[in-house]
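First the structure, in the form of structure tokens, and then the observations on it.
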Amino acid sequence: MLYFHYFSGIMSERRVRVRFAPSPTGGLHIGGVRTALFNYLLAKKHGGDFILRIEDTDQNRFVEGAEEYIINALKWCGIEPNEGIGFGDGAHAPYRQSERKPMYRQYAERLVESGHAYYAFDTEEELDKWREDMTAQGVPSPQYNAVTRQYLKNSTSLSADEVKTRMERGDKYVVRFKMPRNDDVKFHDLIRGWVTFNTSQLDDKVLLKNDGMPTYHLAHVVDDTLMEISHAIRGEEWLPSAPLHVLCFRALGWESTMPQYAHLPLILNPDGKGKLSKRYADKLGFPSFPLSWTTTNKETGAPELNVGYKETGFFPDAFINFLALIGWHPGGDKELITLDEMIELFSLEKVHKAGARFDYEKAKWFNQQYLKARSNVELAAAVKKDIEAAGFTLGDSKLAEYCGLIKERATFITDVVTLGMYLYKDIQYYDDETIKKKWKPEIKSKWDEYVASKDLSALEADVMMNEFIAFTGLKTGEIMPVLRVALAGILQGPPVVDMAKFLGAKGTAERLKKSFDYFESVR
RNA sequence: GCCGCGUUCGUCUAUCGGUUAGGACACCUCCCUUUCACGGAGGUAAGAGGGGUUCGACUCCCCUACGCGGUACCA
């Protein structure tokens, strides 16, 4: 509802409004989903607004379908914004920065007028060349700053006339922030506390590009202000440019409504080397996107399908639970928590500072826990389509029974379909090795003998199995593996008697006969 | 290189000056089950190093090391 604004100078109460602001440059990756999640949690915790803003200021990197993907991913995760692209316009439309393009220029101009920014005419080629030369001379990362701007082509170094003619002539130019030469910029981060940077380390960042689009820096300062954003929660990779942003707010006279920053720790690759990347995920065999997403191979140009968490068989609630606990911990020993509980428990102060390695094994464990907790009926509904497509022809209650038999053994919802396939269609594979070791022809003759005198329609399958085992006179260790393979084909799965019950006396008898005949042929 | 941020079991983490440093994943042992799994019981395993401050530091400060991030007319 209302949030106590601690560090704004004047203590004020402010409605919590947060935004998730991805670039439509491809599929949303796991780190992005977690950023969205933390934004969502803070908004819900305080009864505020969660906004989806699309930061598409770089036309070159725009990817078709990415925006729709982001919307669908948030929907699947169950963390839907209540305002913004795909979720309804509020009072601050439009929410796509490309559509807000005309709004930004005036603020860039304002900064130029107030002496906080200037025009620069250097072309990208000239700058590339200049950086190259500087690097060759031993400057590791050349800065466009208080010193170098004096000899580069801009309105601080050129005469007023020259600037005027260039602009009238239609020369392309950018607007750069005029970074002070040597000032300390101090700001408070909700996760890290006070952070200080010296402006001598910062350069004159481009605010408005030569195509008239703002860069991220200007765009988010303007939009966060106009959209009345109270908290800016983003990845740690933004921390180094935060002082620039603070200075922009200040120069525009917006410091009092500046959002409070919270820089999230990064999700690292499992070996701790670098930000979690698709490349690593691919290599180690786990998904990096919530939903499947097709990318284009940079070398071959061929389309590549990246299977998502959803398609792998993750439940959204399990996925979110797992993600929430990367870099955040509410205290206590409870790990299985619902979204509502997360909202209740959430606070940015409890977010960790250090980066966290991604652990796919733990992700699987979460899913397994959620799977086990689902009712048989729920699982049946979730799996019905796939399982019917795979050959299951029985009714819903039978399908639920099947799910109950299988779920303890499954990690993914997709496992439920495949793990007990032999129960709803013919056995596709037999473990011949076990048969070669365990098969005794007398089992078949005993079975024929046993079953000849029985009325299968009047017999319970479990009773039948127990009677038959006793009838063979064999030790359970001798007979059980054979019966298991005869019913399932493999040495895994639910208890033999339970499988028999599922198959029914008649179904079990048919299957035993068929399997025993086969066993005779392989022994 | 420079700047920033960080550093508790292999991994995710609890601890907010006084604990036998707790939990979870993974791993190992045993039990349950003559299958696989689930479940249960137990086990191995941690405060990067060095200085301070303090009666007392994982906890506060400094230095070092290491890791990550940033250093674009990308976000």
Side-chain angles (χ1 to χ4, degrees), chain A residues 21-25 55-58 60-61 97 120 122-124 127-128 131 138-144 172-176 189 191-193 195-198 200-203 205-217 219-220 234-243 263 265-266 268-275 322 325-336 349-350 352-366 368-369 372 406-411 419 431 434 475-481 483-485 488 490-496 499:
Chain A
S23 291
T25 54
E55 310 226 326
D56 55 349
T57 52
D58 186 352
N60 300 322
R61 298 210 308 156
Q97 291 183 330
D122 325 82
T123 65
E124 292 182 65
L127 285 175
D128 285 346
R131 287 202 182 91
V139 181
S141 49
Q143 281 190 322
Y144 205 124
K172 294 245 184 186
Y173 64 90
V174 302
V175 175
R176 284 182 180 273
D189 182 286
I191 294 169
R192 285 148 215 285
V195 181
T196 308
F197 284 81
N198 190 283
S200 62
Q201 300 301 324
L202 275 17
D203 60 354
K205 278 276 178 291
V206 170
L207 263 20
L208 198 71
K209 304 189 249 189
N210 73 189
D211 62 359
M213 275 289 194
T215 57
Y216 169 85
H217 307 296
H220 104 273
R234 51 167 29 170
E236 192 185 356
E237 69 267 29
W238 290 108
L239 194 53
S241 55
H263 290 93
L266 264 16
L268 272 16
N269 284 312
D271 62 2
K273 298 240 177 294
K275 276 194 280 188
F322 164 66
L325 263 15
I326 300 179
W328 172 66
H329 195 286
D333 289 340
K334 207 176 159 198
E335 291 199 283
L336 267 10
E349 285 76 15
K350 285 283 190 179
H352 250 256
K353 295 179 177 72
R357 300 183 192 202
F358 188 82
D359 183 358
Y360 189 55
E361 292 305 315
K362 191 117 186 198
K364 288 197 285 191
W365 177 79
F366 271 100
Q368 186 187 47
Q369 298 303 310
K372 263 198 319 179
I406 290 303
K407 71 174 176 184
E408 294 283 303
R409 299 168 166 74
T411 296
L419 242 34
D431 178 357
T434 298
K475 286 186 280 191
T476 44
E478 295 175 301
I479 183 73
M480 280 303 203
L483 292 177
R484 171 170 294 285
V485 175
I490 53 176
L491 230 36
Q492 293 165 12
V496 167
M499 289 196 288

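Letters A, B, ... mirror the listed sequences (proteins, then strands); counts begin at 1.
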So [X], base contact, sugar-phosphate only, or nothing? Heavy-atom distance under 4.0 Å.
{"X": "A/Pro494", "result": "base"}
{"X": "A/Gly327", "result": "sugar-phosphate"}
{"X": "A/Lys275", "result": "sugar-phosphate"}
{"X": "A/Gln368", "result": "sugar-phosphate"}
{"X": "A/Arg357", "result": "sugar-phosphate"}
{"X": "A/Lys407", "result": "nothing"}
{"X": "A/Glu124", "result": "base"}
{"X": "A/Pro495", "result": "base"}
{"X": "A/His263", "result": "nothing"}
{"X": "A/Gly235", "result": "nothing"}
{"X": "A/Val195", "result": "sugar-phosphate"}
{"X": "A/Leu491", "result": "base"}
{"X": "A/Thr57", "result": "sugar-phosphate"}
{"X": "A/Lys273", "result": "sugar-phosphate"}

Would you say [N] has OP1 or OP2 under 4.0 Å from some side-chain N or O of [X]?
{"X": "A/Lys350", "N": "B/C16", "result": "no"}
{"X": "A/Lys209", "N": "B/C74", "result": "yes"}
{"X": "A/Arg61", "N": "B/A75", "result": "no"}

Could you check which of [options] has an atom nearest any side-chain atom of [X]?
{"X": "A/Glu361", "options": "B/A26, B/A37, B/A75", "value": "B/A26"}
{"X": "A/Ser141", "options": "B/G23, B/G1, B/C73", "value": "B/G1"}
{"X": "A/Gln201", "options": "B/C3, B/U35, B/A72", "value": "B/C3"}
{"X": "A/Asp359", "options": "B/C25, B/A75, B/C38", "value": "B/C25"}
{"X": "A/Pro240", "options": "B/G70, B/U35, B/A75", "value": "B/G70"}
{"X": "A/Gln492", "options": "B/G23, B/C36, B/U7", "value": "B/C36"}
{"X": "A/Leu266", "options": "B/U7, B/C68, B/C74", "value": "B/C68"}
{"X": "A/Glu335", "options": "B/C38, B/A24, B/C73", "value": "B/A24"}
{"X": "A/Arg131", "options": "B/U35, B/C73, B/A26", "value": "B/C73"}
{"X": "A/Val174", "options": "B/G4, B/A72, B/C73", "value": "B/C73"}

Once you apply the 3.5 Å cut-off to both distances, tell me the Watson-Crick or G-U wobble partner of [N], or none.
{"N": "B/G6", "answer": "B/C66"}
{"N": "B/G47", "answer": "none"}
{"N": "B/C38", "answer": "none"}
{"N": "B/C60", "answer": "B/G52"}
{"N": "B/A14", "answer": "none"}

Checklist entry - Which residue, A/His352 or A/Ile490, contacts RNA chain B at a nucleotide closer to its 5' end, judged by nearest heavy atom? => result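 That would be A/His352.
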
Checklist entry - Toward the 5' end of RNA chain B, which comes first, A/Arg176 or A/Gly272, by nearest nucleotide? => result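 Per heavy-atom nearest nucleotide, the more 5' residue is A/Gly272.
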
Checklist entry - Say you draw a straight line from CH2 of A/Trp365 to CG of A/Leu336; how long is it, rounded to the nearest 0.5 Å? => result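 So the gap between those two atoms works out to 5.0 Å.
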
Item to check | Straight-line distance of A/Asp58 CG to A/Thr25 OG1, nearest 0.5 Å | outcome: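 Here the interatomic distance stands at 9.0 Å.
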
Can you check whether [Y]'s main-chain N or O pairs, donor with acceptor, with [X]'s side chain at less than 3.5 Å?
{"X": "A/Asn269", "Y": "A/Asp271", "result": "no"}
{"X": "A/Lys205", "Y": "A/Thr215", "result": "no"}
{"X": "A/Arg131", "Y": "A/Ser141", "result": "no"}
{"X": "A/Gln201", "Y": "A/Asn198", "result": "no"}
{"X": "A/Ser23", "Y": "A/Glu55", "result": "yes"}
{"X": "A/Arg61", "Y": "A/Asp56", "result": "no"}

Separation of [N] [atom2] from [X] [atom1] (nearest whole Å):
{"X": "A/Phe197", "N": "B/U71", "atom1": "CZ", "atom2": "P", "value": "12 Å"}
{"X": "A/Trp238", "N": "B/C3", "atom1": "CH2", "atom2": "C1'", "value": "17 Å"}
{"X": "A/Gln97", "N": "B/C73", "atom1": "CD", "atom2": "P", "value": "18 Å"}
{"X": "A/Asn269", "N": "B/C68", "atom1": "CG", "atom2": "P", "value": "10 Å"}
{"X": "A/Met499", "N": "B/A37", "atom1": "CE", "atom2": "C1'", "value": "13 Å"}
{"X": "A/Glu408", "N": "B/A37", "atom1": "CD", "atom2": "P", "value": "13 Å"}
{"X": "A/Lys353", "N": "B/U8", "atom1": "NZ", "atom2": "C1'", "value": "14 Å"}
{"X": "A/Gln143", "N": "B/C2", "atom1": "CD", "atom2": "C1'", "value": "9 Å"}

Between [M] and [N] - [atom1] atom distance, rounded Å:
{"N": "B/A24", "M": "B/A46", "atom1": "C1'", "result": "15 Å"}
{"N": "B/C74", "M": "B/C58", "atom1": "P", "result": "49 Å"}
{"N": "B/A45", "M": "B/U20", "atom1": "C1'", "result": "16 Å"}
{"N": "B/C63", "M": "B/C5", "atom1": "P", "result": "12 Å"}
{"N": "B/U13", "M": "B/A48", "atom1": "P", "result": "15 Å"}
{"N": "B/A37", "M": "B/U19", "atom1": "P", "result": "41 Å"}
{"N": "B/U59", "M": "B/U8", "atom1": "P", "result": "12 Å"}

Next on the checklist: Applying side chain to side chain contact (heavy atoms under 4.5 Å, CB included) to A/His263 and A/Ile191, what does each step give before you reach the verdict?
Outcome noted: CA-CA 7 Å; A/His263 290 93; A/Ile191 294 169; 5.8 Å; no

Item to check | A/Tyr360 and A/Phe322 aromatic centres sub-6.0 Å | outcome: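 For A/Tyr360 and A/Phe322, the ring centres are not under 6.0 Å apart.
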
Checklist entry - Between the side-chain atoms of A/Lys362 and the base atoms of B/A26, is any donor-acceptor pair under 3.5 Å? => result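 Side chain to base: no pair below 3.5 Å.
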
Checklist entry - So, does the side chain of A/Arg409 form a donor-acceptor pair with the base of B/C36 at under 3.5 Å? => result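 When only heavy-atom distances are counted, A/Arg409 does reach the base of B/C36 through a donor-acceptor pair under 3.5 Å.
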
